[in-house]
Amino acid sequence: ILNVEQSPQSLHVQEGDSTNFTCSFPSSNFYALHWYRWETAKSPEALFVMTLNGDEKKKGRISATLNTKEGYSYLYIKGSQPEDSATYLCASPTNFGNEKLTFGTGTRLTIIP
Amino acid sequence: DTGVSQDPRHKITKRGQNVTFRCDPISEHNRLYWYRQTLGQGPEFLTYFQNEAQLEKSRLLSDRFSAERPKGSFSTLEIQRTEQGDSAMYLCASSFDSYEQYFGPGTRLTVT
């Protein structure tokens, strides 16, 4: 059974501050790591798919890093804005075909104006 | 809007009733997935289709659950004899082969 864990469970950050949170996963039989952003009443939105150790990806003020040897990924948000308030989910597929994603429980981020 | 759509967005039903949800994937996507999210948990995989073939079902999918994708386009998820434990957000996603999964907004089911 693949165990994907996220921390912290929730986070309150002042607008303008930067923040980061963690996703950990088993380092053996690694295929990929997905990050999603899920705003209330909307669809989960894909942020990044990462596959290679040392991978770094960036989308605007959001970036992510991947360490497959030690089994963790960090998501960073620079200069938080109110629209960043959402639940951030990471997920890893259980096989190479990517059919079955195992999700963490998410980090609920609230930006305080 | 060319994203994944789900209908209804909310459903309240009494225990013992049957419910059916619909998912319309992105049109060129051949794979369709169902996940369930309960309070405090991440989404959990239920089942997936490649075209019209249902290729895998989770142990979470009891005999009361059935999913279909009759023409390889939209899919339905039916729950028979609903129980309070079925209350959850039911998410649908689609992809082209093993590429990224795109999610719909979900159907929130409340069983009273």
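Each chain gets a letter, A, B and so on, in the order its sequence line appears, and its residues count up from 1.
Looking at heavy atoms from C-beta onward, A/Phe21 lies in side-chain contact with A/Tyr88 at the 4.5 angstrom threshold. No side-chain heavy atom of A/Ser92 sits under 4.5 Å from any side-chain heavy atom of A/Phe103. Side-chain contact between B/Asp24 and B/Asp7 is absent, with no heavy-atom pair separated by less than 4.5 Å.
Heavy atoms closer than 4.5 Å to chain A are found in the side chain of B/Gln37, but not in its backbone. Looking at B/Arg9, the atoms closer than 4.5 Å to chain A (heavy atoms on both sides) all sit in the side chain, from C-beta outward. The part of B/Leu91 that comes within reach of chain A is its side chain, from C-beta onward, which places non-hydrogen atoms under 4.5 angstrom from that chain. Of the two parts of B/Gln6, neither the backbone nor the side chain holds a non-hydrogen atom closer than 4.5 Å to a non-hydrogen atom of chain A.
Taking every heavy atom of both residues into account, B/Phe21 and B/Pro8 meet most closely at CD2-CD, 4.2 Å.
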Item to complete: Given salt bridge (charged side-chain N to carboxylate O under 4.0 Å, His left out), test A/Lys59 with A/Glu45 step by step and report yes or no.
Response: CA-CA 13 Å; A/Lys59 190 175 183 176; A/Glu45 173 199 355; 3.8 Å; yes
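Ranked by heavy-atom pairs shorter than 4.5 Å toward chain B, the options A/Ala46, A/Gly106, A/Pro44, A/Ala91 are led by A/Pro44.
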